[in-house]
> 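Please see the structure below; I have some questions.
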Amino acid sequence: MYYLIPLPIIVVAVIIKIIANFMDFKTLNSICNIVIILCILFFVYFYLDYRGFNLLEKVKSFLKI
């Protein structure tokens, strides 16, 4: 159940992003965007792995064509 780990990080990053938008902190806003995107990618990867769909093997087999 490693796919649940990024969820609280996403929530905190969204809250910080809202505050950064309100206070006009551009660097903090861009850092939060990067963190949110990375956490979503990790969530998708680990959830697919938990459900039995190995994404890396599918990509490797697709690229070996």
> Do Ile40 and Leu38 belong together in a cluster built from hydrophobic side chains that touch within less than 4.5 Å?
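No, it is not one cluster - the side chains of Ile40 and Leu38 are not joined through contacts under 4.5 Å.
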> In Å and rounded to the nearest 0.5 Å, what is the CD1 to CD1 distance from Ile10 to Ile37?
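CD1 of Ile37 is found 11.0 Å from CD1 of Ile10.
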> Can Phe22 be reached from Val12 by stepping across I, L, V, M, F, W or Y side chains whose heavy atoms are under 4.5 Å apart?
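Yes.
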> Say whether Asn21 and Asn29, considering side chains only, have a donor N or O and an acceptor N or O under 3.5 Å apart.
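Distance-only check passes for Asn21 and Asn29.
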> Honestly curious: do Val44 and Ile5 fall in one hydrophobic cluster under the side-chain, below-4.5 Å linking rule?
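Same hydrophobic cluster.
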> Side chains of Leu56 and Tyr45: does their closest heavy-atom pair fall under 4.5 Å?
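Contact flag for Leu56/Tyr45 side chains = yes.
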> Taking a hydrophobic cluster as the set of Ile, Leu, Val, Met, Phe, Trp and Tyr residues connected by side-chain heavy atoms closer than 4.5 Å, whether directly or through intermediates, do Leu4 and Phe53 fall within one such cluster?
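Yes.
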> Do Phe42 and Met1 sit in one hydrophobic cluster, given that two such residues count as connected whenever their side-chain heavy atoms are within less than 4.5 Å of each other, even indirectly?
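Result: yes, single cluster for both.
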> To the nearest 0.5 Å, what is the distance between OG (Ser61) and CD (Glu57)?
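If I round to the nearest 0.5 Å, the distance is 7.5 Å.
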> State, to 0.1 Å, how close Cys39 and Pro6 come at their nearest heavy-atom pair, and which atoms those are.
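In terms of heavy atoms, the two residues are closest at O-CB, 3.6 Å.
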> What closest approach, in Å, do Ala13 and Cys32 show between heavy atoms, and which atom pair accounts for it?
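Looks like O-SG, 3.7 Å.
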> How long is the gap from CD1 on Ile36 to CG on Leu41, to the nearest 0.5 Å?
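One finds 12.0 Å between CD1 of Ile36 and CG of Leu41.
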> When you compare the side chain of Ile18 with that of Val14, does any pair of heavy atoms fall below 4.5 Å?
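Yes, side chains in contact.
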> Angle class for the Phe43/Tyr47 ring planes (parallel below 30°, perpendicular above 60°, tilted otherwise)?
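Parallel, since the angle between the ring planes stays under 30°.
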> Would you check if the distance from the ring center of Tyr3 to the ring center of Phe46 is below 6.0 Å?
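Tyr3 vs Phe46: aromatic centres not under 6.0 Å.
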> Measuring from Leu28:CG to Met23:CE, what's the distance to the nearest 0.5 Å?
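Here the interatomic distance stands at 11.0 Å.
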